[in-house]
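Worth saying up front: this structure is predicted, and the values here are computed from it rather than measured.
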Number of protein chains: 2
Amino acid sequence: MRQRTVCANCGPSELEKLDAIKTYKTYQSGETIVRAGYKMEFLGFVMCGVAALSRDLIDGRRQIIRLLLPSDFIGGLKQEVSPFEIVAIGEVTICKLPKLKFEAMVLSSPALEHRFLEIALDELDAAREWMLLLGRKSAREKVASLLVVLANHDAEQNGHSPADGLFFLVLLTRETMANYLALTLETVSRQFSALNKDGVIVLGDLGYVRVPDYAKLLYEAADDTDGGIIT
Amino acid sequence: MRQRTVCANCGPSELEKLDAIKTYKTYQSGETIVRAGYKMEFLGFVMCGVAALSRDLIDGRRQIIRLLLPSDFIGGLKQEVSPFEIVAIGEVTICKLPKLKFEAMVLSSPALEHRFLEIALDELDAAREWMLLLGRKSAREKVASLLVVLANHDAEQNGHSPADGLFFLVLLTRETMANYLALTLETVSRQFSALNKDGVIVLGDLGYVRVPDYAKLLYEAADDTDGGIIT
DNA sequence: CGCCTTTTTGACATGGATCAATTGTTGTGG
DNA sequence: CCACAACAATTGATCCATGTCAAAAAGGCG
């Protein structure tokens with residue numbers, strides 16, 4: 001499984017140093033965490049809740065580039081200024097690391113820099129996988145793919161296996177999903193209804209989704225792999 | 001301007017070491033450089049020509065994830081196995097570095113690793129920018145955006161300024177562009193014709209394109225920035 | 001209960017895909 | 001040098017998945 005914190009593979013001294021500079025902050029639903037075009041003052045991790053990293057066109061069309069789920073990393077080392085906006089989807093708690101202090105640590109610690117390279121490469125893989133979805137998948141396949149991602153993340157967070165009975169909470173609104181999948185909210189809604197009617201998912205009471213047959217959902221997602229590595 | 005080789009910011013000793021292990025190879029048009037699902041045996045750079053890094057769905061739908069133009073880097077450090085296919089678009093010469101030797105060098109050289117982190121972050125920015133295009137731009141905007149990219153790359157390679165009269169060769173077929181923009185080749189062709197008719201571009205003899213007014217092209221591309229950094 | 005937001009569903013419009021025919025280009029061998 | 005084959009590009013006609021507009025239904029909350 002993917003290592004999901006900066007600290008993995010770093011010695012105890014790095015961990016202590018990180019502990020010394022971190023602070024927590026909770027954002028309310030809809031609150032802007034990082035504004036586009038403004039200076040990034042911190043890096044951090046999502047502790048709980050969901051946030052969205054998005055980019056807009058001048059006329060307001062919006063594309064969510066990345067969903068930030070618990071344990072996900074926020075911020076880049078390179079940009080002085082954020083080309084993206086990060087907004088809280090529901091209440092989110094962020095573990096913040098002041099950028100300047102953190103950068104100094106990275107420069108002086110090759111182990112930490114190595115870990116950052118791994119994170120960047122993971123992000124790159126994820127972005128490229130999503131490009132295939134955005135470019136070539138149908139609306140139904142997009143929605144199924146998103147459900148696969150959410151199911152896997154839920155399983156990872158709560159220690160379930162995606163193979164057996166899957167039952168999880170979808171915290172995102174139809175509109176948020178639409179902006180992530182490059183669809184309209186109406187189309188997302190219709191695909192949920194269709195997948196429900198076809199028995200691929202079972203829509204439960206508010207926001208809960210049950211997946212009776214994970215293989216079937218994977219098939220609907222049209223992925224060539226089950227999201228993992230070819231062996 | 002972006003630094004475009006691994007060697008930038010590395011001391012002369014790293015450069016010498018890289019020189020010692022590099023070899024060149026030329027691929028013919030259509031030839032597969034890296035096969036999907038197979039082991040990556042090298043990393044490298046495009047010296048001249050164009051290659052495409054792409055990913056497919058089971059039923060053959062294809063999405064080009066990244067165009068590899070002269071000076072672009074090939075390969076990741078992380079993956080043992082390539083989830084992508086790399087194919088030559090026209091004749092391409094690659095500067096190859098054997099993966100094992102190269103990895104050993106990176107591990108022993110923090111400067112080289114730092115340079116790699118920068119490359120990965122550049123790739124991540126590019127991927128995310130393309131996600132906005134794939135998800136939210138119209139066919140006309142997509143084609144205009146691609147022309148902006150090609151114009152900039154040409155200017156960078158040949159020392160022109162994109163501001164004054166732009167005149168460059170489009171080496172890609174309509175089909176390749178279609179796979180990169182997530183369109184069909186017919187739609188790409190129609191958009192070229194339309195941009196030509198509207199005076200945004202002037203189609204010249206085979207493959208040459210002239211851009212009389214770069215600002216107009218940028219406007220058609222619907223970008224919120226001119227592809228650079230907000231200041 | 002009534003207000004507000006989100007979701008669902010329906011009717012219709014449209015951008016881009018698909019299918020198909022024509023023209024233009026490059027390369028090859030007689 | 002020309003004729004022919006193979007491929008690339010253009011253009012037209014039609015179709016369809018998804019977008020758009022609109023209204024109703026379902027929750028959520030003071």
Rounded to whole Å, please give me the gap between CZ in B:Arg174 and C1' in C:dG16. 17 Å
Does this structure show an ion pair linking A:Glu123 with B:Arg128, if we count only N-O contacts that are shorter than 4.0 Å? yes
Pick base, sugar-phosphate or nothing for B:Thr184, based on heavy-atom distances below 4.0 Å to the nucleic acid. base
Between A:Glu31 and A:Lys25, does at least one N-O distance fall below 4.0 Å, as a salt bridge requires? no
Which whole-number value in Å describes the distance from B:Leu183 CG to C:dT18 P? 11 Å
Rounded distance (Å) that lies between atom C1' of C:dT7 and atom CG of A:Leu185: 8 Å
So do the side chains of B:Arg140 and B:Asp198 get within less than 4.5 Å of each other, counting heavy atoms only? yes
Between C:dA17 atom P and B:Glu175 atom CD, what is the distance in whole Å? 13 Å
Under 3.5 Å donor-acceptor, A:Lys142 side chain and A:Leu133 backbone: no
Hey, could you give me the CG/CD distance between A:Leu171 and A:Glu91, rounded to the nearest 0.5 Å? 12.0 Å
5' precedence on DNA chain C between A:Arg136 and A:Val188 (nearest-nucleotide basis): A:Val188
Using atom NZ of A:Lys197 as one end and atom C1' of C:dT8 as the other, report the distance to the nearest whole Å. 14 Å
Determine whether a donor-acceptor pair (one donor, one acceptor, N or O, separation below 3.5 Å) exists between the side chain of B:Arg140 and the base of C:dG16. no
A:Phe192 has an atom CZ; how far is it from atom C1' of C:dT8, in whole Å? 13 Å
Tell me whether B:Arg136 is salt-bridged to B:Glu141, with the criterion being a basic N under 4.0 Å from an acidic carboxylate O. no
Side chain of A:Ser193, heavy atoms from C-beta onward: which of C:dT8, C:dA11, C:dG16 has the nearest atom to it? C:dT8
Could you give the CG-to-P distance, from A:Asn196 to C:dT7, as a whole number of Å? 15 Å
Using a heavy-atom cut-off of 4.0 Å to chain B, what are the terminal contacting nucleotides of DNA chain D, in 5' to 3' order? D:dA9 to D:dA13
Judged by nearest nucleotide, the residue sitting upstream toward the 5' end of DNA chain D, B:Ser189 or A:Ala139, is B:Ser189
Exceeds 12 heavy-atom contacts within 6.0 angstrom, atom CD of A:Glu186: yes
Specify the separation, in whole Å, of atom CZ of B:Arg190 and atom C1' of C:dA20. 11 Å
